[in-house]
Visitor: 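First the structure, which I've put down as C-alpha cells, then a few questions once you've had a look.
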2 protein chains.
Amino acid sequence: MTYTCKDIARKTGVSISTVSRVLNKKDLHKVGERTRKKVEKIIKKTNYTPNIIAKSLVSKKSFSVAVALEDFKDVVGPYFSQIISGIAYVLQENGYYLQLLGTVSAKNKPLSQHYLQAVKERRVDGVIILSEAINEKEILGLWKDKFPVLLVNRYIRDKEIPSVLMDNEKGLYDVTSELAKLGHRKIVFMAGCLKYQLDQDRLKGYKKALKENNIEFDEKYVLEGYFKYENAANALNVFISQGKKFSAVAASDDVMAFACITTLKKNNLSVPADVSVTGFNDMLFLPAVNPTLTSLKVPLIDMGKEAAAKILEIIDGKQIPDIVSLFKPQLVKRQSISSPHAD
Amino acid sequence: MTYTCKDIARKTGVSISTVSRVLNKKDLHKVGERTRKKVEKIIKKTNYTPNIIAKSLVSKKSFSVAVALEDFKDVVGPYFSQIISGIAYVLQENGYYLQLLGTVSAKNKPLSQHYLQAVKERRVDGVIILSEAINEKEILGLWKDKFPVLLVNRYIRDKEIPSVLMDNEKGLYDVTSELAKLGHRKIVFMAGCLKYQLDQDRLKGYKKALKENNIEFDEKYVLEGYFKYENAANALNVFISQGKKFSAVAASDDVMAFACITTLKKNNLSVPADVSVTGFNDMLFLPAVNPTLTSLKVPLIDMGKEAAAKILEIIDGKQIPDIVSLFKPQLVKRQSISSPHAD
DNA sequence: GTGAAAGCGCTAACAT
DNA sequence: ATGTTAGCGCTTTCAC
C-alpha cells in the first residue's frame with residue numbers, strides 16, 4: 001500500500017496542510033508540538049514518502065540534473081566515466097538526481113532531440129553538456145531562455161556560457177616542448193577531432209612549442225584519430241606507409257597513444273627507442289603496459305565535481321563568481337619517451 | 001515563454017481535451033482532420049512540449065528507470081560502465097530515461113537510503129540493481145510490493161527475482177581446467193569478494209575443476225582482492241611472502257589480474273614463464289600490454305541491453321518468459337598462460 | 001495553530 | 001467530433 005498525504009491527514013485527524021507543514025518543516029512554528037508529534041508518528045508508522053512528482057508539479061523543480069553524452073558508448077572509457085563519477089557524487093551529496101542522456105541515435109529521432117526533449121519536458125533543472133554533438137545555437141538558445149547549462153571541456157567563443165575547462169593549449173605545449181627538449185624535430189600530433197575547440201586549442205599549443213624550438217610546422221604531421229583506437233591506428237599506419245620521417249607522436253588521448261604504440265610495434269619500430277609517444281589525460285596508467293605511458297594528468301573526477309557544484313549554484317540562482325574554471329594538466333614522464341636516434 | 005496545453009487550446013480555439021488527443025495521438029479518429037491540423041500548427045509554432053511531470057502525476061508513470069550502483073566510482077572502470085552503456089542504449093531507444101543512483105555514502109544518509117527514496121518517491125518505474133550493497137531483504141520487499149526490480153550478475157537463492165546473469169561457475173571452471181590441462185597443480189584463485197554470490201559460484205567452479213584433475217583444494221590458495229588493484233596486489237604480495245608454492249593465478253577480474261602481473265614482476269617472477277595469470281570479463285584487452293591477458297570474455301554490453309529490455313517488460317506488466325537470462329563466458333587464450341616449469 | 005480551497009498541467013470518463 | 005469536469009498528490013494563500 002502506498003500512502004498519500006491525504007491518508008496521513010485522515011489517520012492523524014488533521015488537515016493535509018498540517019501534514020505538509022511538518023513534512024517540509026515549513027512554518028513549523030505555527031504547528032502545535034503535540035500535533036507535530038502525532039503526525040510524525042503516523043508518517044513513521046506508515047513509512048510514508050511524499051510523491052515527488054506532485055511536489056515537482058507545484059514547485060516546478062525536479063531536483064535532477066541531466067548529463068548529456070554524445071553516445072552512451074562514451075560511458076565506457078575512462079575519460080567520460082571519471083567526469084560522470086565526479087558529477088554523480090556531488091549531485092547525490094546535494095540531494096539531486098542524475099539523468100544520463102544521449103544526444104545521438106535515438107530511434108526515429110534526429111540528433112539531440114532526445115536530450116532537448118528531456119529539458120523541455122522539465123524533467124531536469126539543468127544540463128551538464130559533455131557532448132560535442134550539441135550545436136552552439138542550441139546551447140545558446142537554452143542559455144538565453146535562462147535554462148541552467150554548463151559545458152565541460154568545451155566552450156563557446158565570445159559567449160559567457162559557464163564552462164569547466166582544462167588548459168588544452170598548455171597541455172600540448174608542455175608535451176611538445178618536452179619532446180623538443182629531448183631533441184625531437186619531427187613530431188606528429190595525433191589529434192582527436194580538429195573541429196572540436198579542444199583540439200584546436202591543443203593544436204595551438206603544439207604550434208607554439210614548435211615555433212619556440214625553431215621547428216617548422218607542417219600540417220601533414222597533424223593526424224586525426226577521433227579518440228578511437230582503430231581510427232588512430234589507421235591514421236598512423238597510413239602516415240607511416242607514406243614514408244614520412246618522424247621520431248615522436250603526441251596523442252590527444254591515452255587510448256590513441258596506445259593505438260600508436262601498437263601500430264609502431266607492428267611496423268617494427270620500437271617505443272621509445274625509435275619513436276617516442278605521449279598521451280593525454282593520464283587515465284589509463286597501467287604498470288603492466290610496456291612501455292609505461294608518458295601523459296598529461298588531468299583531475300577528471302574533480303572537474304566533474306566542479307561541474308556539478310557549479311550547475312547547482314546556477315540552478316539556485318546564485319551569482320556565479322567565475323564563468324570559467326580552468327584545470328591545469330600536469331606532465332607525467334614515464335618510459336614511452338626518450339631522446340631520438342642520432343641518425 | 002513556456003506554454004501549457006491550456007495556452008495551446010486557447011490559441012487554437014479548441015478545448016484542452018482536443019489538444020491532449022492530438023498530442024497523444026489517442027482517440028485521434030474522433031478528431032476532425034482540420035481541427036487536428038490547426039492544433040498541430042500551433043504546437044509547432046509555439047514549440048510546445050508537454051510537461052512530463054504533470055503527465056506523470058496522472059498516469060503514475062515516470063518513464064524512467066534507475067540503475068543502482070554501489071559507489072559512483074564504479075562508473076569508472078569497464079565492468080559497470082559497459083553494462084550501463086548497454087542499459088542506457090535500450091532505455092533511450094524505448095523512450096525511457098536513466099537515473100543513476102548510488103547506494104552508499106550520501107551525506108547524512110545511511111546505506112542505500114538515497115536509492116530507496118528515489119524508488120519510494122515514485123521517481124522511477126523500476127530499478128536495475130548492479131550494487132551488492134543493497135541487501136536481499138530490501139530487494140524482496142520491493143518485489144513483494146510489485147515494484148519492478150531486476151538484478152544483474154547477482155541473484156537471490158530460492159527466490160524468483162528476475163536476474164541477468166553470467167555463468168560464473170562455468171567461467172572459473174573453464175579457466176581452472178585449462179590451467180590444469182597445461183600442467184599446473186598449485187593454482188591460486190584471486191577472488192573479488194567471497195561474500196558475493198558471484199564469487200561463491202566462481203569458487204565452486206574452481207573447486208570442481210580441481211577435483212576433476214585430482215588436485216586437492218586448499219583454502220589458503222583462495223585470496224580476496226575486492227576487485228581493486230591495490231587490494232589484489234597486497235593480497236598476492238602477502239601470499240608470496242609466506243613462501244607458498246604456486247604456478248598460476250586465476251583472477252576474478254582483469255584489473256586484479258593486472259595487479260597480479262605487476263606484483264609478480266616486482267617479485268622477479270616472470271609471466272607466464274614462472275607464473276600463469278588469467279583474468280575475468282576480458283574488458284581490458286590492450287595489445288600494448290605485455291604479456292597480453294588470457295581472460296573470460298563476457299558480453300557485458302549485451303547483458304546491459306538484456307537487463308533494460310527485461311525491466312521494460314516487467315514494467316509493462318508483460319509475462320516474463322524467463323526469470324533468468326544466463327550469458328556464457330568464453331575463454332580467450334593469450335600470452336599470459338603457459339605450461340609450468342618442470343621443477 | 002489549523003483547515004479549506006485553489007491550482008500546478010495534464011488525462012480520461014462522461015456529456016453533448 | 002468536441003467540450004466539460006473531476007481528479008492525480010502536493011503547496012500555498014487566506015480564513016477562522
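Throughout, protein chains are lettered first and strands after them, A, B, ... in sequence-line order, and every chain is numbered starting at 1.
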Visitor: In whole angstrom, what separates A/Arg123's CZ from C/dC10's P?
Guide: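 In whole Å, C/dC10 P and A/Arg123 CZ are 14 Å from each other.
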
Visitor: Would you kindly give the NZ-to-P distance between B/Lys25 and C/dC10, to the nearest whole Å?
Guide: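 The distance from NZ of B/Lys25 to P of C/dC10 comes to 16 Å, rounded to the nearest Å.
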
Visitor: Would one find a side-chain N or O of B/Ser20 under 4.0 angstrom from OP1 or OP2 of C/dT11?
Guide: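 True: B/Ser20 side-chain N/O within range (under 4.0 Å) of C/dT11 OP1/OP2.
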
Visitor: Run the salt bridge (charged side-chain N to carboxylate O under 4.0 Å, His left out) test against B/Arg123 and tell me which residues pass, sequence neighbours left out.
Guide: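 Scan of B/Arg123 (salt bridge (charged side-chain N to carboxylate O under 4.0 Å, His left out), adjacent residues dropped) gives B/Glu121.
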
Visitor: Quick one: salt bridge (charged side-chain N to carboxylate O under 4.0 Å, His left out) partners of A/Glu40, sequence neighbours excluded?
Guide: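 A/Arg36.
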
Visitor: Which pairs, protein N/O on one side and nucleotides 5-8 of chain C N/O on the other, fall under 3.5 Å?
Guide:
| residue | atom | partner | partner atom | Å |
| --- | --- | --- | --- | --- |
| C/dC8 | O3' | A/Lys60 | NZ | 2.9 |

Visitor: Could you list the residues that satisfy side chain to side chain contact (heavy atoms under 4.5 Å, CB included) with A/Lys61, not counting sequence neighbours?
Guide: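 Here the qualifying residues are A/Ser59, A/Phe63, A/Tyr96, A/Asp125, A/Ile315, A/Asp316.
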
Visitor: For the helix from C/dG1-D/dC16 to C/dT16-D/dA1, what angle lies between the axis at the first five pairs and the axis at the last five pairs, to 10 degrees?
Guide: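 The helix from C/dG1-D/dC16 to C/dT16-D/dA1 shows an end-to-end axis angle of 50°.
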
Visitor: Under the rule for salt bridge (charged side-chain N to carboxylate O under 4.0 Å, His left out), what residues qualify as partners of A/Lys37, not counting sequence neighbours?
Guide: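 A/Lys37: salt bridge (charged side-chain N to carboxylate O under 4.0 Å, His left out) contacts with A/Glu33.
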
Visitor: Side chains of B/Asp74 and B/Tyr79: is there a donor and an acceptor less than 3.5 Å apart?
Guide: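 Distance-only check fails for B/Asp74 and B/Tyr79.
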
Visitor: To the nearest angstrom, how far is A/Arg36 atom CZ from C/dT2 atom C1'?
Guide: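 The distance from CZ of A/Arg36 to C1' of C/dT2 comes to 16 Å, rounded to the nearest Å.
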
Visitor: Mind calculating the distance between NZ (A/Lys26) and P (C/dG1) to the nearest angstrom?
Guide: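 Taking atom P of C/dG1 as the reference, NZ of A/Lys26 is at 19 Å.
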
Visitor: Among pairs that include at least one residue of residues 299-308 of chain A, which meet side chain to side chain donor-acceptor pair (under 3.5 Å), considering only residues two or more places apart or in two chains?
Guide: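 Counting only pairs at least two positions apart or across chains, the side chain to side chain donor-acceptor pair (under 3.5 Å) contacts touching residues 299-308 of chain A are A/Glu306-A/Ser325.
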
Visitor: Has the side chain of A/Arg21 got a donor or acceptor that lies under 3.5 Å from a partner of the other kind on the base of C/dG3?
Guide: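 Checked by distance alone, the answer is yes.
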
Visitor: Can you run down the salt bridge (Lys or Arg N to Asp or Glu O under 4.0 Å) pairs that involve residues 153-166 of chain A, sequence neighbours left out, and say none if there aren't any?
Guide: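 Qualifying pairs, neighbours excluded: A/Glu132-A/Arg154.
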
Visitor: On DNA chain D, which is the earliest and which the latest nucleotide, 5' to 3', with an atom closer than 4.0 Å to a heavy atom of chain B?
Guide: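 First-to-last contact on DNA chain D, by the 4.0 Å heavy-atom rule, is D/dA1 to D/dG9.
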
Visitor: At their closest point, which heavy atom of B/Trp143 faces which heavy atom of B/Pro148, and how far apart are they?
Guide: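 Closest approach of B/Trp143 to B/Pro148, heavy atoms only: CZ3-CA, 4.5 Å.
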
Visitor: Check side chain to side chain contact (heavy atoms under 4.5 Å, CB included) between B/Val127 and all other residues, then give those that pass, not counting sequence neighbours.
Guide: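 Applying side chain to side chain contact (heavy atoms under 4.5 Å, CB included) to B/Val127 gives B/Ala66, B/Ala68, B/Tyr115, B/Val119, B/Ile129, B/Phe147.
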
Visitor: For B/Thr35, report the nucleic acid contact type (base, sugar-phosphate, nothing); a contact means any heavy atom under 4.0 Å.
Guide: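 Sugar-phosphate contact only - B/Thr35 comes under 4.0 Å of backbone atoms but never of a base.
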
Visitor: So what does A/Lys30 hit on the nucleic acid, given a heavy-atom distance under 4.0 Å: a base, only sugar-phosphate, or nothing?
Guide: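 Answer is base: heavy atoms of A/Lys30 come under 4.0 Å of a base.
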
Visitor: Could you check whether A/Asn24 gets within reach of a base, just the sugar-phosphate, or nothing at all, counting any heavy atom under 4.0 Å?
Guide: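 A/Asn24: backbone/sugar contact only, no base atoms under 4.0 Å.
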
Visitor: Taking only residues two or more places apart in sequence, or in another chain, which ones meet B/Glu70 in a salt bridge (charged side-chain N to carboxylate O under 4.0 Å, His left out)?
Guide: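 By the salt bridge (charged side-chain N to carboxylate O under 4.0 Å, His left out) rule, B/Glu70 matches no residue at all.
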
Visitor: Please classify the nucleic acid contact of B/Ser56 as base, sugar-phosphate, or nothing, using heavy-atom distances under 4.0 Å.
Guide: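 Result for B/Ser56 = nothing.
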
Visitor: Let me know, please, whether A/Val14 or B/Leu23 comes out on the 5' side of the other along DNA chain C by nearest nucleotide.
Guide: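 Mapping each residue to its closest nucleotide by heavy atoms, the 5'-most match is A/Val14.
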
Visitor: For residues 9-49 of chain A, which residue pairs qualify under ring pair (Phe, Tyr, Trp, His ring centres under 6.0 Å), counting only residues two or more places apart or in two chains?
Guide: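 Passing the test, one end in residues 9-49 of chain A: no pairs.
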
